[in-house]
Amino acid sequence: MSNQVLEELSNVLESRKEAAPESSYVASLYHKGLDAILKKIGEEATETVMAAKDGDPQKVVYETADLWFHSMVLLAHLGLTAEDVLAELERRFGLSGLEEKAARGE
């Protein structure tokens with residue numbers, strides 16, 4: 001997925017915030033609120049784990065796409081973007097996992 005796709009998706013998700021709940025799936029999630037969005041992320045995370053356990057690579061890709069999508073809905077709901085996450089990943093790049101955890105005090 002290119003940054004352009006993430007940016008375009010972020011723009012669409014942002015535009016759905018003002019839409020009527022019956023006009024789109026994303027608008028209905030926003031209307032239901034944070035708990036509904038979090039529930040959906042939990043479902044998609046579980047489905048991703050199950051797909052990986054089943055060993056079907058295409059299903060893993062499909063479920064991961066759902067997980068990423070719903071995570072982006074959450075980000076938009078909270079006023080954040082994929083760019084915020086990419087910036088954090090860039091900040092971590094080159095740090096070992098142990099160094100990164102130590103920097104967070106874990």
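Below, each value reflects all heavy atoms present in this structure, side chains not excepted, and no hydrogens, waters or symmetry copies. One-based numbering along the sequence shown.
The nearest pair of heavy atoms linking Ala76 to Leu13 is CB-CB, 4.1 Å. Residues Leu9 and Phe69 come closest through the heavy atom pair CD1-CE1, 3.9 Å. The shortest heavy-atom contact between Ser28 and Pro21 is CB-O, 3.4 Å. Between Pro57 and Gly55, the closest heavy-atom pair is CD-O, 3.1 Å. Closest approach of Ser10 and Ala82 over heavy atoms only: OG-N, 3.9 Å. The minimum heavy-atom distance linking Ser23 with Ala27 is given by the pair OG-CB, 4.1 Å.
Two different hydrophobic clusters hold Val85 and Phe93 under the rule that ILVMFWY side chains link at heavy-atom gaps under 4.5 Å.
Among pairs with a residue in residues 14-25, those fulfilling salt bridge (charged side-chain N to carboxylate O under 4.0 Å, His left out) read Glu14-Lys17, at least two apart in sequence or across chains.
For the atom pair OG1 of Thr48 and CH2 of Trp68, the computed distance is 10.5 Å after rounding to the nearest 0.5 Å. With rounding to the nearest 0.5 angstrom, the CG atom of Leu86 is 8.0 Å from the OG1 atom of Thr81. Between atom NE2 of residue His77 and atom CG of residue Leu38 there is a gap of 8.0 Å, rounded to the nearest 0.5 Å.
Among residues two or more places apart in sequence or in another chain, the salt bridge (Lys or Arg N to Asp or Glu O under 4.0 Å) test is passed with Glu83 by none. Applying the salt bridge (Lys or Arg N to Asp or Glu O under 4.0 Å) rule to Lys39 yields no partners; only residues at least two apart in sequence or on another chain are considered. Partners of Leu80 by side-chain contact (heavy atoms from CB on, under 4.5 Å), not counting sequence neighbours, listed by chain and number: Leu75, Leu78, Asp84. Partners of Glu44 by side-chain contact (heavy atoms from CB on, under 4.5 Å), not counting sequence neighbours, listed by chain and number: Lys40, Glu47, Glu63, Asp66, Leu67, His70. With sequence neighbours left out, Ala52 forms a side-chain contact (heavy atoms from CB on, under 4.5 Å) with Val60. Lys32 is linked by a side chain to side chain donor-acceptor pair (under 3.5 Å) to nothing, counting only residues two or more places apart in sequence or in another chain. Checked against side-chain contact (heavy atoms from CB on, under 4.5 Å), Thr46 has the following partners two or more places apart in sequence or in another chain: Met50.
Counting non-hydrogen atoms of neighbouring residues, nucleotides and ligands closer than 6.0 angstrom, the OH atom of Tyr62 reaches no more than 12 such neighbours.
At least one donor-acceptor pair closer than 3.5 Å links the side chain of Asp56 to the backbone N or O of Gln58.
Looking at heavy atoms from C-beta onward, Val12 lies out of side-chain contact with Val26 at the 4.5 angstrom threshold.
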Practice prompt. Could you walk me through whether Val73 and Ile41 pass the side-chain contact (heavy atoms from CB on, under 4.5 Å) test, one step at a time?
Written response: CA-CA 9 Å; Val73 170; Ile41 289 172; over 6 Å; no
